[in-house]
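Notes to accompany the following structure.
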Amino acid sequence: MAFKNTYLEGIFNKVCARNANEPEFHQAVEEVLKSLEPVVEKRPDIVKAGVIERIVEPERQILFRVSWVNDKGEVQVNRGFRIQYNSAIGPYKGGLRLHPSVNASILKFLGFEQTFKNSLTGLPIGGGKGGSDFDPKGKSDLEIMRFCQSFMTELAKHIGPDTDVPAGDIGTGAREIGYMYGQYKRLQNEFTGILTGKGLTYGGSLARTEATGYGLCYFTEKMLNDNNDSFKGKVVVISGSGNVAINAAVKATQFGAKVIALSDSGGYIVDNNGVNIDVINQIKLVERLRISEYAKRVPGSTYTENCHGIWSVKCDIALPCATQNELDKASADTLVGNGVIAVGEGANMPSTPEAIDVFINNGILFGPAKAANAGGVATSALEMAQNSARLSWTFEEVDARLKDIMTNIYKNSAKAAKEYGAEGNLVIGANIAGFLKVAEAMMAQGVAY
Ligand code: NDP
């Protein structure tokens, strides 16, 4: 779909020229700018203040060398990044991704998305993202530790509890956060909530591990309820088998659904009896093996190579929870052909723009990532609040707040969609609701002359 507004099209063309060869960043910017067409018509003050020209440019981009020594005594060199995207409404906040595909384009798209997502949570957090092209797969514990320490030795110069508070993401779980936190503390000699997703013995929040997956299901359930439906009795397919996917599977099952498929980057498993979460946890979290192992251990289940094939498994609800652009138009057509009624994005930007068009044009309930997966960062902000107050809340307290936050994100996104002439379109609603709060703050804070 082409731009209807020439002012926004001009901004987008400049973004592409200035950030050449960054397709993921272009994709994320294009989606948000197209959603802002009705805002530009209603709010000349935002145009006059140059908010949109400013918001497509990260405030600061940090790029650094991470050298470390592997178990054979060989020197290894990776690239470290931190994109401090926007601090209009709070300190930069967003995860650290450790994956060989990491580059400036991917981290800028994630930082840009994070800015609006964090705004949607209603909490005072700005947007950021970081990570490295380091591949944790196949590395020993000691190699992971040496990498994390080297990475933090540089990152520590740029972050702080009131400046920038990173968290986990793909490849960065509790183990990596622990090693990074230990190094930060050694260097700075202070015990502050500089990272979220910490272990429970040193400042982590109960329910943070579960938050993104649980939050995704709270959001999706709310979206279904608003359309006189629910998870109960539904068949669910979830891509990925990491933090977000596993916890989404747990909550969907608690809501009365049957989760029949999960995947990793190698392929997918189908278990028509409903996947056994204990077996998945043992394979993925304890033994750190491939998901193919599941089919060897659970009679009646199957494993198929090629992770994209998961979208051919017939289901009522699809929850993409692996990575960006994992669900394309052909997969969306297949899902719709198989009778899917709702799609909730757990990963960041998992559906291509063409796939989103298929869902919207076919009236499928669609929960976009920046709204549906905001539960993780929202709970990270709750972890920051507990750290500042030197308190820790119970699981039930954090979970109840998470549920409220996800309900409010759903309501605010639906309301903004209606107000701006796109009732029922949560992509447009979430983009507008997230944008407006950041825009108001940027206008109030002025431009530095
Ligand atoms: P994990 O590292 O725990 O799990 C990632 C999962 O996705 C793994 O199963 C992995 O398989 C699979 N995967 C990764 N890359 C690919 C690929 N190129 N193709 C197919 N599968 C792939 O990460 P998380 O669960 O934390 O994150 C998943 C998504 O959710 C990401 O988009 C992340 O940005 C987003 N997210 C995470 C939040 C969090 O709180 N953790 C918060 C909000 C969003 P394999 O092991 O084979 O690589």
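This structure is a prediction, so every number in the text was calculated from the model and none was measured. Residue numbers count from 1 along this sequence. Atoms within each ligand, like the ligands themselves, are counted from 1 in listed order.
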| remark: Taken in chain and number order and not counting sequence neighbours, the residues that satisfy side chain to side chain donor-acceptor pair (under 3.5 Å) with Ser205 are Gln386
| said: Can you tell whether the side chains of Lys296 and Glu293 come within less than 4.0 Å, N to carboxylate O? | reply: yes
| Residues in side chain to side chain donor-acceptor pair (under 3.5 Å) with Asn247, at least two apart? | none
| said: Residues around ligand 1, heavy atom under 4.0 Å from any ligand atom, sorted by chain and number. Can you pull those? | reply: Arg97, His99, Lys137, Asp169, Ile170, Gly171, Arg208, Thr212, Gly240, Ser241, Gly242, Asn243, Val244, Ser263, Asp264, Ser265, Arg290, Cys307, Cys321, Ala322, Thr323, Gly346, Ala347, Asn348, Asn373
| said: Could you check whether atom CZ of Arg79 has more than 12 heavy atoms from other residues, nucleotides or ligands sitting under 6.0 Å from it? | reply: no
| Residue pairs involving residues 393-403 (criterion salt bridge (Lys or Arg N to Asp or Glu O under 4.0 Å); sequence neighbours excluded) | Glu397-Arg401
| said: Once you measure the plane-to-plane angle for Phe151 and Phe64, does it fall in the parallel (<30°), tilted (30-60°) or perpendicular (>60°) bin? | reply: tilted
